[in-house]
Amino acid sequence: MTDHTSQHTLAARSLKAVWHPCTQMKLHEAAPPIAIARAEGVWLHGVDGQRYLDGVSSWWVNLFGHSHPHIRAALVDQLGRLDHIMLAGFTHEPVVALSEKLAALTGLGHASYASDGASATEIALKMSAHYWRNMGRPEKCQFVGVAGGYHGETVGALAVTDIALFREAYAPLVRLAATVPSPDARQALPAETGDTGESAVDVAERAAKALEQWLDQHHSRTAALIVEPLVQCAAGMAMHDPHYLRRARALCDHYNLHLVVDEIATGFGRTGTMFAHQQAGIRPDFICLSKGLTGGTLPLSAVLTTDAVYKAFYDDSVARGFLHSHSYTGNPLACRAALATLELFDQTNALVNNQTLAAQMTTAFLPLTQHPRVTHARHLGMIWAWDVRSTLPNFSRRYHQHALAHGVLLRPIGNTLYAMPPYLMDDEAVAHLAQGALAALHATLAEEHA
Ligand SMILES: Cc1ncc(COP(=O)(O)O)c(C=O)c1O
């Protein structure tokens with residue numbers, strides 16, 4: 001009798017029935033999708049009994065491990081009370097409590113909800129442009145983003161996503177935003193005789209000057225600048241100095257446009273502070289949140305903004321209101337999962353404990369960092385990244401497969417290898433991740449000569 005839930009059959013059924021994301025489906029002929037039966041803590045368990053350490057927090061969403069009992073209990077409790085209610089004309093305790101909590105954490109307010117990161121980007125862009133329209137400045141409806149930026153893949157979000165592979169096919173559909181140079185610290189010019197070379201601050205200042213030049217020309221038609229603070233994750237964990245954010249804030253004030261920080265990937269402790277922009281000591285006009293917000297359990301995103309923005313919409317005219325909606329806006333289950341996740345920050349003292357864990361991880365990664373093919377080793381909070389010099393075509397795909405063979409889920413971006421694990425890692429998990437990542441590097445580089 002055929003086992004309809006074996007790895008082989010589930011992969012085959014999936015390839016017939018499911019269109020997998022971010023995937024050229026034909027490539028699955030060589031490497032079928034892996035069927036996962038359950039997950040607990042940092043471990044994913046395949047239906048075939050294989051286990052994998054989740055080194056990328058399931059696309060950067062998981063914070064406290066899978067199936068955390070505290071989040072699970074909150075969800076079960078909520079399911080017995082209220083599963084869903086439309087948020088237009090109604091409200092409920094979880095959405096109120098979550099909005100209050102997010103306001104306290106961010107110093108912004110008036111939380112507007114959606115389900116995915118890209119939808120949060122859409123909200124921020126629409127709200128910003130609509131604000132200027134309500135203020136009698138309808139011409140301020142253009143956006144500017146940073147080179148290599150990633151803000152999601154819906155048609156509106158693609159306008160500010162500067163990754164050709166994701167955008168090119170849809171170019172005719174997209175109302176392209178302007179792009180200014182990235183402050184990526186890897187662009188630092190090396191030392192030459194007589195000088196010390198550029199620092200990360202120098203690169204940030206160079207990028208800020210380019211932004212200033214651009215704004216000087218275009219500010220009158222620009223609604224907002226959107227940035228991923230401190231780490232441009234999808235660009236290959238490109239990290240920059242907080243100096244750039246301080247300069248960007250000052251320039252947005254000077255030229256009268258909004259600063260949108262997209263903390264969808266960097267939020268909730270990922271960079272060491274609750275939110276990355278806090279390391280620059282700035283206050284944005286909009287913050288976009290998602291991914292870790294529910295600890296990786298349910299889709300939820302939020303945009304918070306200033307009282308000034310909110311007031312510009314508060315009016316007798318319905319059309320001046322922000323009428324954006326989704327059916328599942330502020331879903332009670334997702335909000336409860338988010339509240340339970342935020343409680344875990346206090347219960348586990350996560351931000352402080354992560355410092356100890358990060359030091360342990362950095363030490364465990366030393367053999368990788370010091371590998372002769374590795375350049376630009378970098379680390380911030382709970383993100384580690386390395387660039388690998390390799391001529392192997394499809395380095396990323398090859399590495400991913402080797403890592404899986406060593407029981408680790410890692411998905412390089414181009415030749416950038418990175419780890420972004422959950423926050424609760426015991427000694428065994430740290431060693432397994434570091435050793436698996438190194439073993440996969442050796443196995444991948446060995447293929448160059450095969
Ligand atoms: C910075 C940033 N913004 C937006 C998004 C889009 O989020 P989603 O995939 O949930 O639409 C991502 C996803 O990786 C992201 O990293």
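In this chain, numbering begins with 1 at the start of the sequence shown. Indexing begins at 1, ligand by ligand and atom by atom, following the structure's order.
- Ring-centre distance between W132 and H258: below the 6.0 Å cut-off.
- Salt bridge present: R249 and D285 bring a charged side-chain N and a carboxylate O closer than 4.0 Å.
- T375 and D387 share no donor-acceptor pair across their side chains, judged by distance under 3.5 Å alone.
- Here E228 has side-chain heavy atoms under 4.0 Å from ligand 1, and that is the only part of it that gets that close.
- Short contacts between ligand 1 and D116, defined as distances under 4.0 Å to a heavy atom of the residue, involve ligand atoms 10 (O), 11 (O).
- Salt-bridge formation is not detected for the pair R270/E263: no Lys NZ or Arg NE/NH1/NH2 atom is positioned less than 4.0 Å from an Asp or Glu carboxylate oxygen.
- In terms of polar-atom proximity, defined here as any N/O pair under 3.5 Å, K291 does make such a contact with ligand 1.
- Y150 CD2, 3.7 Å is the protein heavy atom nearest to atom 15 (C) of ligand 1.
- Neither the backbone nor the side chain of C233 comes within contact range of ligand 1; no heavy atom lies under 4.0 Å.
- Residue contacts with ligand 1: A265 is placed with no nitrogen or oxygen under 3.5 Å of a nitrogen or oxygen of the ligand (distance criterion only).
- Protein heavy atom in closest approach to atom 8 (P) of ligand 1: G117 N, 3.4 Å.
- In summary, the aromatic rings of F166 and Y150 are positioned with their centroids under 6.0 Å apart.
- A donor-acceptor pair is defined here as one N or O able to donate and one able to accept, closer than 3.5 Å; no such pair exists between the side chain of H371 and the backbone of L438.
- Q279 contributes a side-chain N or O that, together with a main-chain N or O of T271, makes up a donor-acceptor pair within less than 3.5 Å.
- Residue D262 approaches ligand 1 through these ligand atoms, each under 4.0 Å from one of its heavy atoms: 1 (C), 2 (C), 3 (N), 4 (C).
- Within ligand 1, counting atoms from 1 as listed, the ones closer than 4.0 Å to a heavy atom of A118 are 6 (C), 7 (O), 8 (P), 11 (O).
- With a 4.0 Å cut-off on non-hydrogen atoms, W59 does not touch ligand 1 at all.
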